[in-house]
Amino acid sequence: MMKMLLGCSLLLLLLSLSELVESRTLHLDSCSVNVHTHELRKYYSAIRSNAIAGDADIGVKFLDKSLMKGVQEGQTCCFLRLVLRFYVERVFSNYASSQQQRSSSALANAFVSIRRDIHKCHCHCAEETQRTVDSLHAEFNKLEANQAAQKAVGELDTVLEWLEGLGQKTA
């Protein structure tokens with residue numbers, strides 16, 4: 001009985017460790033980067049409910065699935081780089097949630113790390129992709145910075161789903 005319990009415990013430990021190191025290889029046009037989506041989800045789940053609950057501007061939407069699906073062929077790398085930049089420079093710097101500072105900082109740091117890897121890709125940005133992200137910034141600027149950041153954090157689910165769709169699991 002004790003051996004069986006020990007064996008089950010060891011199996012559960014190995015399974016949970018494999019989830020922690022699981023990453024996805026994102027194919028971004030001419031290059032690839034590894035992203036630990038499980039880690040991103042973990043940090044986001046810690047802040048998601050407060051971000052959504054604090055979003056008073058229901059009629060405003062920065063990111064939606066059609067925007068993410070409408071990324072032109074050959075522009076995935078550029079679009080992701082610009083969206084990560086938006087989140088690191090505009091959103092997380094204005095996101096005021098002291099009780100969740102640790103998770104939002106960890107998420108921001110993970111985005112910085114992904115940006116660093118993408119920088120090696122030398123993405124080329126088409127004018128339309130830049131205009132799309134510029135319109136995202138324009139919508140952000142229509143709201144007060146903390147409210148806009150709150151909304152953008154609440155919409156991170158869309159970004160994470162898109163990232164998960166770009167990649168394939170690796171161990």
Side-chain angles (χ1 to χ4, degrees), residues 19-28 32-72 75-119 121 123 125 129-169:
E19 282 184 11
L20 291 175
V21 296
E22 178 185 287
S23 68
R24 291 185 185 269
T25 299
L26 303 184
H27 301 286
L28 306 173
S32 300
V33 296
N34 286 326
V35 175
H36 295 276
T37 53
H38 178 76
E39 185 177 290
L40 296 175
R41 281 281 179 195
K42 180 180 85 172
Y43 296 137
Y44 179 59
S45 67
I47 62 176
R48 182 180 187 270
S49 59
N50 276 1
I52 292 172
D55 180 7
D57 297 297
I58 304 298
V60 178
K61 191 143 179 87
F62 298 142
L63 296 164
D64 62 19
K65 291 179 184 187
S66 66
L67 177 73
M68 308 303 271
K69 288 180 181 178
V71 175
Q72 293 179 329
Q75 291 297 296
T76 306
C77 180
C78 170
F79 184 76
L80 178 57
R81 187 188 72 197
L82 293 173
V83 166
L84 291 174
R85 181 180 179 187
F86 167 74
Y87 271 92
V88 169
E89 295 177 5
R90 303 288 306 277
V91 176
F92 291 122
S93 62
N94 288 297
Y95 184 63
S97 177
S98 57
Q99 71 259 42
Q100 298 171 331
Q101 190 64 37
R102 186 180 206 170
S103 292
S104 61
S105 292
L107 194 54
N109 287 336
F111 277 22
V112 167
S113 178
I114 298 167
R115 277 181 62 196
R116 186 175 43 247
D117 291 345
I118 290 175
H119 184 70
C121 293
C123 308
C125 292
T129 303
Q130 187 63 56
R131 275 196 307 268
T132 299
V133 176
D134 286 348
S135 69
L136 175 64
H137 285 273
E139 289 300 312
F140 186 89
N141 290 336
K142 288 179 182 179
L143 300 175
E144 184 271 324
N146 287 339
Q147 267 307 106
Q150 183 97 16
K151 173 169 280 307
V153 169
E155 293 181 3
L156 254 175
D157 216 10
T158 304
V159 175
L160 296 179
E161 284 176 18
W162 182 68
L163 283 176
E164 289 164 349
L166 292 176
Q168 61 190 32
K169 289 182 182 181

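A search for side-chain contact (heavy atoms from CB on, under 4.5 Å) contacts involving Ala106 returns Tyr43, not counting sequence neighbours. In terms of the side-chain contact (heavy atoms from CB on, under 4.5 Å) criterion, His119 has no residue partners (sequence neighbours excluded). When the side-chain hydrogen bond (donor to acceptor under 3.5 Å, both in side chains) test is applied to Ser32, the partners found at least two apart in sequence or on another chain are His27. For Asp117, the side-chain contact (heavy atoms from CB on, under 4.5 Å) partners two or more places apart in sequence, or in a different chain, are Val33, Lys120. The salt bridge (Lys or Arg N to Asp or Glu O under 4.0 Å) check on Asp64 picks up nothing, with sequence neighbours excluded. Here Arg81 pairs with Ile118, Cys123, Cys125 under the side-chain contact (heavy atoms from CB on, under 4.5 Å) rule; sequence neighbours left out. Considering only residues two or more places apart in sequence or on other chains, Tyr44 meets the ring-ring contact (aromatic ring centres under 6.0 Å, His included) condition with none of them. Legend: residues meeting salt bridge (Lys or Arg N to Asp or Glu O under 4.0 Å) with Lys69, ordered by chain and number and at least two apart, are absent. Residues passing the salt bridge (Lys or Arg N to Asp or Glu O under 4.0 Å) test with Lys61, sequence neighbours excluded: none. Residues passing the salt bridge (Lys or Arg N to Asp or Glu O under 4.0 Å) test with Arg85 are Glu89, sequence neighbours excluded.
Interatomic distance, CG of Leu156 versus CD1 of Ile47, reported as 6.5 Å (0.5 Å rounding). How far CG of Asn94 is from CG of Asn146: 6.0 Å, rounded to the nearest 0.5 Å. To the nearest 0.5 angstrom, Leu160 atom CG is 8.5 Å from Thr37 atom OG1. The CG atom of Leu80 sits 7.0 Å away from the CG atom of Leu26 when rounded to the nearest 0.5 Å.
Lys151 approaches Leu143 most closely through the heavy-atom pair CD-CD1, 4.3 Å.
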| request: List the steps, then state whether side-chain contact (heavy atoms from CB on, under 4.5 Å) holds for Tyr87 with Val83. | output: CA-CA 6 Å; Tyr87 271 92; Val83 166; 4.0 Å; yes

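Screening residues 50-70 for ring-ring contact (aromatic ring centres under 6.0 Å, His included), with sequence neighbours left out, gives Phe62-Phe140. Sequence neighbours left out, the pairs with a member in residues 129-143 that pass salt bridge (charged side-chain N to carboxylate O under 4.0 Å, His left out) are Glu127-Arg131, Glu139-Lys142.
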